[in-house]
Number of protein chains: 2
Amino acid sequence: MEPIADKKKAIFISTMELVRDKGFHGTPMSMVAKHAGVAAGTIYHYFESKEQLITELFDYAQQQVIEVVEQETCAAIPFKDCFFNLWGGLYTFYQNNQNLLRFFEQFVNSPYSTARPPLEEDKFYTLLFAFFERGIQEGLLKEVSPKILATLTHSSVLSMAKLTGSGRLHLDRKELEQILQLIWDGIAFDR
Amino acid sequence: MEPIADKKKAIFISTMELVRDKGFHGTPMSMVAKHAGVAAGTIYHYFESKEQLITELFDYAQQQVIEVVEQETCAAIPFKDCFFNLWGGLYTFYQNNQNLLRFFEQFVNSPYSTARPPLEEDKFYTLLFAFFERGIQEGLLKEVSPKILATLTHSSVLSMAKLTGSGRLHLDRKELEQILQLIWDGIAFDR
DNA sequence: GCAGACCGAATGAACATTCAATTGGGATTA
DNA sequence: TAATCCCAATTGAATGTTCATTCGGTCTGC
C-alpha cells in the first residue's frame with residue numbers, strides 16, 4: 001500500500017472517530033474538516049463527495065483487517081493453531097480499534113454497503129472462505145458450507161469485541177481461551 | 001399491549017421500511033409522512049421529534065422479539081429442546097421480518113442506542129441471560145458467563161438471518177439443523 | 001512564475017419542525 | 001331530533017437551520 005498523504009489520513013481518521021461517536025448523520029463535513037485540521041474545501045481535493053469519502057474509508061479500514069487475516073492464516077501452521085491465532089488476532093485487532101469496529105458495523109448495516117459488490121467479490125470474505133475450506137479439506141471441520149463457518153466465526157469475534165469494547169464486560173485471558181475453545185468445539189469435526 | 005392507533009402504526013411501519021432501504025439519514029420525515037399516507041404535521045402529533053420516533057420504534061420492534069423469546073423459553077420443556085426452539089423461533093422471526101432485522105442492526109450500532117439504558121436493564125437481554133443461567137444450573141451448558149453464551153448465540157442467529165435474508169444464500173431445513181447442532185455443540189457441556 | 005495543495009466564505013438545497021386553519025364526530029343542550 | 005359546542009386529529013405551506021458542495025483566491029515549493 002503506497003503511503004497515504006498525511007492530510008488524507010487525517011481525514012480518514014477523523015471521519016472514523018466522528019462516525020463512531022455521532023453516526024453518519026451527525027458528522028457534517030465541516031466537523032470532519034475542523035477535527036482533521038483542514039479546510040472544508042480540502043476534503044474535496046481528495047474526495048469527490050461525502051459518500052465517496054465514506055466508501056473509501058471503508059476500503060481503507062477493511063484493508064487493515066485483511067492484513068490481520070493474511071498474517072494469521074499461514075498454510076505452514078497446523079489448521080487448529082491457525083484458527084486460534086486468527087480468532088485471537090482478529091479479536092485483539094478489533095479490541096484495539098474500537099473506532100474501526102464501530103464504523104464497520106454502522107457501514108455494513110447501512111445503505112452505503114448494499115450498493116457494493118457482493119460477498120463473493122469481497123477480498124476479506126474470499127480469504128476467510130478459503131481458510132475454512134482448508135479446514136474442511138483437512139477433515140478437521142464439520143462439512144458445512146465454508147461461508148457459514150466463516151460467517152459464524154467472524155460474527156462471534158465481532159460480538160465479543162463489541163461486548164468487551166463497550167466496557168460492559170471484561171474478559172481475562174482464561175475466559176477468552178474458554179470462548180475460543182467453545183467456538184472450536186462447535187465447528188470442529190469428531191468431538 | 002394496548003392497541004396502537006392506526007396512523008401511529010402506519011408511521012412505525014413506514015419508518016422501518018424506509019430506514020431499511022435508505023438508512024436514518026436518507027429518510028426525511030416528509031418521506032415517512034408520504035409513505036404512511038399522513039401529513040408531516042401528523043407525525044408530530046404522535047412523536048415529539050424524529051429521534052423520539054426512532055427510539056419508540058425500536059421499543060415497539062423489540063417488544064415483538066421479546067414475545068418470541070417469552071413464547072419459546074418455557075421452563076416445563078427440557079432445556080435442550082427449549083434452546084433449539086428458541087434459536088429456531090428467533091431465526092424464523094428475523095427471517096420473516098427483514099425490515100425489523102435491518103432496522104435493528106442499524107439502530108444498535110448507531111449513536112441512538114448508546115444513549116439508552118445498559119444491557120442489564122434491557123428486558124430482552126435479561127430474559128436471555130436468565131435462560132442461559134438455567135442451562136448452566138442444570139449442568140447442560142459450559143460454565144461460561146450467561147452473558148457470553150447469550151451474546152454468542154444471539155449473534156449466530158442474527159448473522160444467519162442476515163445471510164439468508166439478503167438472498168445471498170439459501171438454507172434448507174437440514175442445513176439449518178446442522179448449524180443449530182453446531183452451536184449447541186459449542187456451548188453444551190460434556191461432549 | 002507555474003502548478004498543485006489548500007483555504008474558508010458563500011451558495012443553494014434539503015430538511016426537521018411549527019402553526020394557523022380545517023375537519024369530523026361525540027357529547028350537551030333545547 | 002336538531003342545533004350547538006368542543007376538542008382531538010389532521011393538514012400542508014411556511015420557517016429557519018443545517019449542511020454538502022463550490023469556487024475565487026492564497027500559499028509554497030520548484
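Numbers restart at 1 for each chain; the letters A, B, ... are given by sequence-line order, proteins then strands. Because the structure is predicted, anything quoted here is derived from the model rather than measured.
The distance from atom CD of A:Glu51 to atom P of D:dA20 is 13 Å, rounded to the nearest whole Å. Atom NZ of B:Lys34 and atom C1' of D:dG12 are 13 Å apart (whole Å). Atom P of nucleotide D:dA9 and atom CZ of B:Phe47 are separated by 13 Å, given to the nearest angstrom. Taking atom CD of residue A:Gln52 and atom P of nucleotide D:dA20, one finds them 16 Å apart after rounding to whole Å. Taking atom CE of residue B:Met29 and atom C1' of nucleotide D:dA13, one finds them 17 Å apart after rounding to whole Å.
Residue B:His45 places none of its side-chain N or O atoms closer than 4.0 Å to OP1 or OP2 of D:dT10. Regarding contacts with the backbone of D:dT21, every side-chain N or O of A:Lys50 stays at 4.0 angstrom or more from both OP1 and OP2.
When the nearest nucleotides of DNA chain D are assigned to A:Thr42 and A:Met31 by heavy-atom distance, the more 5′-ward of the two goes with A:Met31.
Here the side chain of A:Gln106 pairs no donor or acceptor atom with the backbone of B:Ser110 at under 3.5 angstrom.
Taking the six-membered ring for Trp and thresholds of 30 and 60 degrees, A:Phe24 and A:Tyr112 have ring planes more than 60 degrees apart, a perpendicular arrangement. The aromatic rings of B:His154 and B:Tyr125 sit perpendicular, their planes meeting at an angle over 60°, well past the 30° parallel limit.
The terminal axes of the helix from C:dG1-D:dC30 to C:dA30-D:dT1, fitted over 5 pairs per end, subtend an angle of 10° to the nearest 10°.
The span of DNA chain C lying next to chain A, judged by atoms under 4.0 Å from heavy atoms, is bounded 5' to 3' by C:dA5 to C:dG8.
Using a 4.0 Å heavy-atom criterion, one finds that B:Tyr46 contacts the sugar-phosphate atoms exclusively.
Aromatic ring centres of B:Phe12 and B:Tyr46 lie farther apart than the 6.0 Å criterion allows. Annotation: A:Phe83 is not in aromatic contact with A:Trp87 [ring centroid separation under 6.0 Å not met].
Looking at A:Phe104 and A:Leu158, their side chains never come closer than 4.5 Å, going by heavy atoms from C-beta outward.
Looking at every heavy atom in both residues, A:Asp21 comes nearest to B:Pro111 through O-CB, 3.6 Å.
Hydrophobic clustering of Ile, Leu, Val, Met, Phe, Trp and Tyr side chains at less than 4.5 Å, counting indirect connections, keeps B:Phe93 apart from B:Ile13.
Each salt bridge (charged side-chain N to carboxylate O under 4.0 Å, His left out) pair with one or both residues in residues 36-64 of chain A, not counting sequence neighbours, appears once here: A:Lys8-A:Glu56, A:Asp59-A:Arg116.
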